[in-house]
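Let me begin by presenting the structure, written as structure tokens, before commenting on it.
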Amino acid sequence: MLDIKVIREKLDWAKKKLATRGIKPETLDELVEIDQKRRDAMVKSEQLKAKRNEVSKQIAEAKRNKQDASDAISAMREVGAEIKKLDGEIKELADKQNYILLRLPNFPDDSDPIGPDDSYNEEVRKWSEPTKFAFKPKAHWDLGTDLDILDWDRAAKVSAARFVYYKGAGALLERAVFNFFLDENMKAGYTEVLPPYLVNDASMQGTGQFPKFHEDVYTIVDNDDPDKPLDLTLIPTAEVPLVNYFRNEIIHGEKLPINVTALSPAFRSEAGSAGRDTRGLIRMHEFRKVEMVKICKEDESWKELDNLTHQAESLLQKLNLPYHVVALSTGDASFTSAKTYDLEVWMPAQDKYREISSCSNCTDFQARRAQIRYRDENGKLHLAHTLNGSGLAVGRTVAAILENYQNEDGTVTVPDALVPYMHGMTKITKEDSLI
RNA sequence: GGAGAGUUGGCAGAGUGGUAAUGCACCGGACUCGAAAUCCGGCGAACCCAGUUAUCCUGGGCGCGCAGGUUCAAAUCCUGUACUCUCCUCCA
């Protein structure tokens, strides 16, 4: 959530900033107008309340002295009614203000490329070169099916489209990848956490998924009354439970920065992406992801964004997967982010780079929604800054390994870094199906 | 699933309708060569608004898990709700 004071005091600047994210300037005009009305009403209400408090003291005094106070009481009855009316107006205005405020995205950083969509993203660096093959590389979904390590048909039967079974060496590979990621993140100073996978609405609002992105997630309903949603939603990312861990808390400044990492499934309805990436591991309703979250002081988040991005990059480097880093344009970056670097891994069969991690500095945007604060060495309170990044998306990593490490005979070489995690297996070959 | 108890500053803890005690902690001062102890004073519930203004200050409002209600007035009474603890029941 943005700071209404900033919008109020730097209205033209705010309009310009948010215009690059598709927000109409009139929306902000409406917002400050509501804010002005609300504050005007507050001044009136507070003056009356001051009067009421004063007279109430006199009434109490009179009662103690067993004197009659019926005149004062009846006068206050009117004041009370007026206060009630004003407070009703204030609440209405505050609700309106919040409705708008909760739907405004974070201010983009000055360094963000300006543009409405991903075609304005800018490559900031590239690591290694796209893998070359002397033969036509197979898509990972064909490799997976041919090796009998991925089963889409059974998953569609048992669940639905966009679900998958990993089997045998495939299941082992997935497990190797996330264990490798967790170990590497731990070595880099991140504390491992196993969070809950169902969270309440306040948490979803705290990290910015709600109210805007309701249709992208799966919410649990009461079985006895399916029209009634329970206050529980399947997490679309571990970012939600990791950041909300600190919701409504004041953190000791010495504890910052806090670095946490978690493996979790991520559940996404993928509403609106019908027809896109219908095959393969790229776009699933359920996938595993290792997430990294940082909570830091307000003047340290830009340095921490670099640390976070480099940690995610180091994972790809250790797996020897070619990738590049892209700075997202103002129109493509996520709702909560001031700046986002996407890591895109090379996918040979598609002949292009695909997102495998998204590292964002959310500045104080989530902290203001979730009221995450810290106390500095002088005892003063500040909103913390929050950052999140994938480290990394597990299914997409498996897809990238299958495609980049495939051999002409249809087998897949195991990346050196994963061999210990694969119990010494160096190559995935088709075997007689065990199930 | 059933019954009961609870939720008040950083911590402990009083307050059953008249506007949040007290203790510990913290800050300042005195005493002391210095420290501890002691004494004196202060701060502190979190934020919002106004005036003034970048951080200060002054005034006001709000504030006792959360949301409503009753009342001139609510930590206190009423309703709903979340969470914690105890017991019963069930269960991996």
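Chain naming here is simple, since letters A, B, ... match the order of the sequence lines and numbering starts at 1 in each.
- Judged by distance alone, the side chain of R21(A) and the main-chain N or O of A333(A) form a donor-acceptor pair under 3.5 Å.
- With hydrogens and angles left out, the side-chain atoms of S301(A) and N361(A) include a donor and acceptor closer than 3.5 Å.
- The pair D148(A)-K167(A) counts as a salt bridge, with a side-chain nitrogen and a carboxylate oxygen less than 4.0 angstrom apart.
- Straight-line distance between the C1' atoms of U53(B) and A12(B): roughly 40 Å, to the nearest whole Å.
- Residue-to-nucleotide proximity on RNA chain B shows that, of G80(A) and V55(A), the 5′-proximal contact is made by V55(A).
- Contact annotation for L381(A): backbone-only contact, meaning every heavy-atom pair under 4.0 Å involves sugar-phosphate atoms and none involves a base.
- Here Y120(A) pairs with P116(A), D117(A), S329(A) under the side chain to side chain contact (heavy atoms under 4.5 Å, CB included) rule; sequence neighbours left out.
- Within residues 191-205 of chain A, no residue has any heavy atom under 4.0 Å from RNA chain B.
- Rounded to the nearest Å, the gap between the C1' atom of C27(B) and that of G10(B) is 14 Å.
- Rounded to whole Å, the distance from NE2 on H252(A) to P on C26(B) is 14 Å.
- Between N200(A) and D231(A), the side chains place no donor N or O within less than 3.5 Å of an acceptor N or O (distance only, hydrogens not considered).
- Between D29(A) and K15(A), at least one side-chain N (NZ, or NE/NH1/NH2) sits under 4.0 Å from a carboxylate O, which counts as a salt bridge.
- Remark: P of C47(B) and CD1 of I372(A) are 15 Å apart, rounded to the nearest angstrom.
- The stretch residues 43-50 of chain A touches RNA chain B through V43(A), E46(A), K49(A), A50(A), each having a heavy atom under 4.0 angstrom from the strand.
- No salt bridge links E286(A) with R162(A); every basic N to acidic carboxylate O contact stays at or beyond 4.0 Å.
- In this structure, Q371(A) atom CD and C48(B) atom C1' are separated by 12 Å, rounded to whole Å.
- D87(A) and K49(A) are joined by a salt bridge, as a carboxylate oxygen and a charged side-chain nitrogen come within less than 4.0 angstrom of each other.
- When rounded to the nearest whole Å, the span between CD1 of I250(A) and C1' of G44(B) equals 13 Å.
- Between the CD1 atom of I83(A) and the P atom of U71(B) there is a distance of 14 Å, given to the nearest Å.
- Taking atom P on both nucleotides, G42(B) is separated from A21(B) by 13 Å, rounded to a whole Å.
- Pairing analysis of RNA chain B (Watson-Crick: purine N1 to pyrimidine N3 plus N6-O4 or O6-N4; G-U wobble: N1-O2 and O6-N3; both under 3.5 Å) yields stems of 3 or more pairs at B:1-7 with B:82-88, B:10-12 with B:22-24, B:26-30 with B:38-42, B:47-51 with B:57-61, B:65-69 with B:77-81.
- Spacing between C62(B) and C49(B) at atom C1', rounded to whole Å, works out to 10 Å.
- Using atom C1' as the reference point in both A82(B) and A73(B), the two lie 28 Å apart (nearest Å).
- Look at R52(A) and you won't find any side-chain N or O under 4.0 angstrom from OP1 or OP2 of C72(B).
- The separation of U7(B) from C91(B), taken at their P atoms, amounts to 34 Å, rounded to a whole angstrom.
- Nucleic acid contact class of K5(A) (heavy atoms, under 4.0 Å, all strands): sugar-phosphate only.
- Ion pair D35(A)/R39(A) flagged as a salt bridge, since at least one NZ, NE, NH1 or NH2 atom sits closer than 4.0 Å to an Asp/Glu carboxylate oxygen.
- A gap of 36 Å separates the C1' atoms of G9(B) and G2(B), to the nearest Å.
- Judged purely by distance below 3.5 Å, without hydrogens or angles, the side chains of K339(A) and S360(A) never pair a donor atom with an acceptor atom.
- Both cation-pi conditions hold for R103(A) and Y99(A): the charged atom is under 6.0 angstrom from the six-membered ring centre and inside a 45 degree cone around its axis.
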Please tabulate, one pair per line, all N/O donor-acceptor pairs under 3.5 Å involving side-chain atoms of residues 412-427 of chain A, not counting sequence neighbours.
unit_1  : atom_1 : unit_2  : atom_2 : d
T413(A) : OG1    : N407(A) : OD1    : 3.4
T413(A) : OG1    : N407(A) : ND2    : 3.1
Y421(A) : OH     : D183(A) : OD2    : 2.6

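- Look at CD1 on I73(A): it is 8 Å from P on C72(B), rounded to the nearest Å.
- Minimum interatomic distance between P196(A) and I235(A) (heavy atoms only, all atoms of both residues): O-CD1, 4.1 Å.
- Near RNA chain B, meaning a heavy atom under 4.0 Å away, the residues from residues 86-98 of chain A are K91(A).
- For the pair M42(A) CE and C48(B) C1', the interatomic distance rounds to 5 Å; values are reported in whole Å.
- Closest to the R39(A) side chain, of the nucleotides U70(B), C47(B), A50(B), is A50(B).
- What separates CG of N53(A) from P of G61(B) is a distance of 5 Å, to the nearest Å.
- Environment of NZ in K37(A): sparse, with no more than 12 heavy atoms of neighbouring residues, nucleotides or ligands closer than 6.0 Å.
- A distance of about 24 Å separates the P atoms of G13(B) and C83(B), rounded to the whole Å.
- For the residue pair N307(A) and Q311(A), no side-chain donor N or O sits within less than 3.5 Å of a side-chain acceptor on the partner.
- Look at R279(A) and D142(A) and you find a salt bridge, because one of the NZ, NE, NH1 or NH2 atoms lies within 4.0 Å of a carboxylate O, short of that distance.
- Residue-to-nucleotide proximity on RNA chain B shows that, of E9(A) and A60(A), the 5′-proximal contact is made by A60(A).
- R8(A) comes within 4.0 angstrom of sugar-phosphate atoms only, judged by non-hydrogen atoms across all strands, and of no base.
- In this structure, K51(A) does not reach the A73(B) phosphate: none of its side-chain N or O atoms is under 4.0 Å from OP1 or OP2.
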